[in-house]
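Step one of this worksheet: look at the structure below.
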Amino acid sequence: MIPSHLHHHNARRGGGNKGWVPDYIRRLVKYPQMDLEYTFWMMFHLCISPKVVYRSTQWHKQTKNQWARDDPAFVAILMVFLGMSSVAFAVAFHITSFIGIMKLMFWSVFVDFISVGLVVASIGWWIANKYLRVQGNIHTVEQKVEWLYCFDVHCNSFFPVFLLLYVFQFFFCPLLVQSNFLATLAGNTLYFVAFAYYYHITFLGYNALPFLHNTVFFLYPIG
């Protein structure tokens, strides 16, 4: 079920895709315009029932004429979470210099999350539009996968990875850093589960688009 407040969220921005990427970036620094309630609702359901999150994409397309979210709250909150986890790891591993902490935060936010996301979203966007789109007839409107939607899919998929590799792993670091077979097995299993969850949610994201077929392709890395 989609939260009822989403209907009020529609009044914030009109439909149409023109200029939505620059507008999306500008809204990153406009906290009052972010829908935090909807964002936390998505984060919660990504952990227990990710299919529910992608059911809202149909509503978004119908009301705003785009598949992608126009609200950067998810990205902003995840960046804050990554920054906080970086500080926690810095304390745990005795990184006391300000520069060292900032390097760790920069790597977590702008390399692990943003840079990897830009690359993954671009590859997914290219593959989906070039190979996975269902070719319609002259009576149907041609649809294409929006790049920002692909980045949304990455963000959704990355959140469980964040919980497993940045939060869960932090609390079990004393056990996982041990030099024995069980610690190595547990660490490798944790990474496998995290990346399997990433590919699964990525598949659900592309599978939610009705004009794509053979989206099982996104499960091949873990198939």
Side-chain angles (χ1 to χ4, degrees), residues 1-7 9-10 12-17 20-21 24 34-35 37-75 77-78 113 116-137 140-164 193-223:
M1 178 179 179
I2 301 174
S4 59
H5 74 279
L6 289 180
H7 299 286
H9 181 67
N10 179 45
R12 295 181 177 183
R13 186 176 185 267
N17 294 331
W20 45 276
V21 171
Y24 183 91
M34 295 183 184
D35 193 341
E37 182 182 352
Y38 177 46
T39 299
F40 287 119
W41 176 86
M42 286 191 295
M43 289 179 170
F44 174 76
H45 281 88
L46 283 170
C47 299
I48 62 171
S49 183
K51 286 185 179 180
V52 174
V53 175
Y54 288 115
R55 289 174 190 162
S56 66
T57 59
Q58 292 286 346
W59 171 88
H60 211 277
K61 177 63 175 177
Q62 293 169 4
T63 57
K64 300 193 177 185
N65 196 31
Q66 67 180 55
W67 296 100
R69 295 189 291 260
D70 60 349
D71 185 358
F74 197 102
V75 175
I77 291 175
L78 194 46
F113 176 44
V116 171
L118 295 176
V119 173
V120 171
S122 297
I123 294 174
W125 171 80
W126 180 75
I127 291 175
N129 281 313
K130 188 170 181 63
Y131 297 108
L132 305 182
R133 280 193 305 139
V134 176
Q135 300 299 322
N137 54 50
T140 60
V141 178
E142 184 181 27
Q143 296 193 69
K144 292 186 177 182
V145 182
E146 304 155 2
W147 183 90
L148 190 56
Y149 179 80
C150 299
F151 188 72
D152 284 345
V153 171
H154 162 72
C155 294
N156 293 342
S157 304
F158 189 86
F159 182 67
V161 174
F162 163 76
L163 292 179
L164 289 170
V193 172
F195 284 108
Y197 215 117
Y198 182 94
Y199 286 113
H200 174 65
I201 296 181
T202 297
F203 159 74
L204 293 178
Y206 288 96
N207 194 56
L209 301 180
F211 56 91
L212 295 184
H213 66 156
N214 297 328
T215 52
V216 70
F217 166 84
F218 292 100
L219 290 177
Y220 286 170
I222 58 172

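We number each residue from 1, following the sequence as shown.
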For the rings on Trp41 and Phe44, is their centre-to-centre separation under 6.0 Å? no

Does the side chain of [Y] come within less than 4.5 Å of [X]'s, by heavy atoms?
X      : Y      : result
Pro221 : Phe195 : no
Phe40  : Asp35  : no
Cys47  : Phe159 : yes
Val145 : Cys150 : yes
Tyr131 : Leu212 : no
Met42  : Glu37  : no
Phe158 : Val116 : no
Glu146 : Gln66  : yes

Going by the angle between their ring planes, with limits at 30° and 60°, are Tyr220 and Phe217 parallel, tilted or perpendicular? perpendicular

Roughly how far, to the nearest 0.5 Å, is the [atom2] atom of [Y] from the [atom1] atom of [X]?
X      : Y      : atom1 : atom2 : value
Ser56  : Trp67  : OG    : CH2   : 10.5 Å
Ile201 : Asn156 : CD1   : CG    : 7.0 Å
Tyr199 : Ile222 : OH    : CD1   : 8.5 Å
Leu46  : Leu163 : CG    : CG    : 9.5 Å

Is there a side chain to side chain contact (heavy atoms under 4.5 Å, CB included) between Phe218 and Leu132 once you walk through the steps? CA-CA 11 Å; Phe218 292 100; Leu132 305 182; 3.5 Å; yes

With His154, the ring pair (Phe, Tyr, Trp, His ring centres under 6.0 Å) member among Phe113, Phe74, Trp125: Phe113

Could you walk me through whether Tyr149 and Arg69 pass side chain to side chain contact (heavy atoms under 4.5 Å, CB included), step by step? CA-CA 7 Å; Tyr149 179 80; Arg69 295 189 291 260; over 6 Å; no

Begin with the C-alpha distance, continue with both residues' side-chain angles, and end with the deciding distance and a verdict on side chain to side chain contact (heavy atoms under 4.5 Å, CB included) for Val75 and Phe151. CA-CA 10 Å; Val75 175; Phe151 188 72; 3.9 Å; yes

Can you see whether Asn207 engages Tyr54 through a side-chain donor-acceptor pair at a distance of less than 3.5 angstrom?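 Asn207 vs Tyr54: no donor-acceptor pair found between side chains.
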
Checking Lys61 against Gln143 for the side chain to side chain contact (heavy atoms under 4.5 Å, CB included) test, could you report, in this order, the C-alpha distance in whole Å, the side-chain angles of both residues, the deciding distance, and whether it holds? CA-CA 11 Å; Lys61 177 63 175 177; Gln143 296 193 69; 3.7 Å; yes

